[in-house]
Enquirer: 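This structure is in structure tokens; I'll ask about it shortly.
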Amino acid sequence: MNRMELKIGELAKRSGCQVETIRFYEKEGLLPPAIRSQGNYRLYGDSHAERLLFIRHCRSLDMTLHEIRQLLLFKDAPQETCTEVNQILDKHIDHVAHRIHELTELQKQLTHLRSHCNNPTAGKDCGILHNLATTEGLSSKNLGSHGGGCH
């Protein structure tokens, strides 16, 4: 049942989500299209609010849109077994563990870099700046998005 009829701004305020984010989720197919009022306003119901809560909870767990899309397929098919849901979550847990390892390595590198300048000096004598400007400070380790590439 889709009782409540909220305009997008009201749904955004109630959910703590930005209007642009709601539109994005709708465009990506994570939220079903809203019905339109006679004045052509989007009107959202209870099911939209519940689904938005589900999506936001998944995002708070750092799940990708692809993972959320997969989970929503299972949520929309309650008669199906949750074996694949468990597999999705297990894969995400492995991904998080890998990222924790990468971030721990990054922290070690940053701590080592910080050790190059223990006393304030002129910028031209700063060990951190010198280290960052040379290849001696580059790590051969792959740190995911922080592995020396460009953002």
Side-chain angles (χ1 to χ4, degrees), residues 1-114 116-117 123 126 128-129 131-135 137-151:
M1 184 166 193
N2 219 13
R3 293 186 325 250
M4 103 176 128
E5 290 187 347
L6 297 172
K7 291 181 183 174
I8 195 166
E10 296 166 321
L11 179 62
K13 183 182 269 188
R14 184 176 285 194
S15 67
C17 222
Q18 298 290 322
V19 168
E20 296 80 19
T21 303
I22 294 171
R23 286 186 183 134
F24 175 76
Y25 290 156
E26 201 172 345
K27 180 182 165 211
E28 288 293 312
L30 298 174
L31 275 179
I35 61 171
R36 295 284 183 159
S37 71
Q38 288 184 354
N40 205 28
Y41 290 104
R42 288 181 171 105
L43 296 177
Y44 297 89
D46 291 335
S47 62
H48 292 98
E50 291 168 9
R51 197 166 181 100
L52 186 56
L53 176 66
F54 182 90
I55 294 167
R56 291 193 68 226
H57 194 179
C58 290
R59 292 297 294 145
S60 76
L61 296 170
D62 203 32
M63 292 184 180
T64 65
L65 294 180
H66 177 72
E67 290 168 328
I68 295 168
R69 194 172 283 110
Q70 289 178 304
L71 292 173
L72 284 169
L73 289 174
F74 289 103
K75 188 175 182 326
D76 293 340
Q79 72 284 358
E80 296 292 325
T81 177
C82 65
T83 301
E84 288 184 57
V85 172
N86 292 335
Q87 291 171 352
I88 292 166
L89 202 60
D90 288 343
K91 187 175 178 183
H92 187 67
I93 291 167
D94 289 345
H95 173 74
V96 169
H98 180 73
R99 283 185 36 219
I100 289 170
H101 174 74
E102 288 179 339
L103 290 171
T104 300
E105 290 300 313
L106 177 60
Q107 181 183 30
K108 288 176 187 174
Q109 288 181 10
L110 290 169
T111 301
H112 178 72
L113 180 62
R114 177 61 182 90
H116 284 77
C117 186
C126 178
I128 294 171
L129 295 176
N131 192 276
L132 287 171
T134 65
T135 57
L138 288 178
S139 170
S140 61
K141 295 177 181 163
N142 180 5
L143 294 178
S145 63
H146 290 94
C150 295
H151 289 276

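The analysis underlying the following values was restricted to heavy atoms, covering all of them including side chains, and did not include hydrogens, waters or symmetry mates. Remember, it's a predicted structure, so these values are computed and weren't measured experimentally.
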Enquirer: Classify the ring geometry of H112 against H116: parallel below 30°, tilted from 30° to 60°, perpendicular beyond 60°.
Expert: perpendicular
Enquirer: Drop me the distance from C58's SG to L53's CG, to the nearest 0.5 angstrom.
Expert: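 Answer for the SG-CG pair, C58 versus L53, is 9.5 Å.
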Enquirer: Output every pair passing salt bridge (charged side-chain N to carboxylate O under 4.0 Å, His left out) with a member in residues 82-97, not counting sequence neighbours, ordered by first then second residue.
Expert: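 Counting only pairs at least two positions apart or across chains, no salt bridge (charged side-chain N to carboxylate O under 4.0 Å, His left out) contact touches residues 82-97.
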Enquirer: For F54, is there any backbone N or O sitting under 3.5 Å from a side-chain donor or acceptor partner on H57?
Expert: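 Looks like no, no N/O pair under 3.5 Å.
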Enquirer: Okay, side chain of R51, backbone of P32: is any donor-acceptor separation there less than 3.5 Å?
Expert: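 No, R51 side chain to P32 backbone: no donor-acceptor pair under 3.5 Å.
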Enquirer: Could you tell me whether the side chain of H92 and the main chain of L61 form a donor-acceptor pair under 3.5 Å?
Expert: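 Indeed, once roles are kept as given, a pair shorter than 3.5 Å links the two residues.
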Enquirer: Look at K108 together with E105 and state whether they make a salt bridge at an N to O cut-off of under 4.0 Å.
Expert: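 Looking at K108 and E105, the cut-off is met.
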Enquirer: Could you check whether any side-chain heavy atom of V96 comes within less than 4.5 Å of a side-chain heavy atom of I100, counting everything from C-beta outward?
Expert: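 In contact.
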Enquirer: Output, in order, the C-alpha distance, side-chain angles, deciding distance and verdict of side-chain contact (heavy atoms from CB on, under 4.5 Å) for K75 and L72.
Expert: CA-CA 5 Å; K75 188 175 182 326; L72 284 169; 4.3 Å; yes
Enquirer: To the nearest 0.5 Å, what is the distance between CD1 on I35 and CG on L43?
Expert: 5.0 Å
Enquirer: Is any side-chain heavy atom of H48 closer than 4.5 Å to one of E26?
Expert: no
Enquirer: Does Q38 CD have over 12 foreign heavy atoms under 6.0 Å away?
Expert: no
Enquirer: Using the rule given for side-chain contact (heavy atoms from CB on, under 4.5 Å), can you reason through Y44 versus L52, listing the C-alpha separation, both sets of side-chain angles and the distance that settles it, and then say yes or no?
Expert: CA-CA 11 Å; Y44 297 89; L52 186 56; over 6 Å; no
Enquirer: Hey, is the main chain of C117 close enough, under 3.5 Å, to the side chain of R114 for a donor-acceptor pair?
Expert: yes
Enquirer: Taking I88's backbone N and O only, do any of them form a donor-acceptor pair with E67's side chain (distance below 3.5 Å, no angle check)?
Expert: no
Enquirer: Using a 3.5 Å distance criterion without hydrogens, assess whether the side chain of R14 forms a donor-acceptor pair with backbone atoms of L6.
Expert: no
Enquirer: Run the numbers on H95 and T64 for side-chain contact (heavy atoms from CB on, under 4.5 Å), then give the verdict.
Expert: CA-CA 11 Å; H95 173 74; T64 65; over 6 Å; no
Enquirer: Nearest 0.5 Å please: distance from the NE2 atom of H66 over to the CG atom of L71.
Expert: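 The NE2 atom of H66 sits 10.0 Å away from the CG atom of L71.
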Enquirer: Could you tell me if the side chain of R42 sits less than 4.5 Å from the side chain of R36, heavy atoms only?
Expert: yes
Enquirer: If I take atom OG1 from residue T81 and atom CG from residue N86, how far apart are they, to the nearest 0.5 angstrom?
Expert: 8.0 Å
Enquirer: Take I68 and Y25 through the test side-chain contact (heavy atoms from CB on, under 4.5 Å) and record every step on the way to the result.
Expert: CA-CA 11 Å; I68 295 168; Y25 290 156; 5.9 Å; no
Enquirer: If you count every heavy atom of other residues, nucleotides or ligands that lies below 6.0 Å from Q107 atom CD, does the total exceed 12?
Expert: no
Enquirer: Is there side-chain contact between T21 and R56, with heavy atoms separated by less than 4.5 Å?
Expert: no
Enquirer: Roughly how far, to the nearest 0.5 Å, is CD1 of I8 from CD1 of I22?
Expert: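 Going from CD1 on I22 over to CD1 on I8, the span is 5.0 Å.
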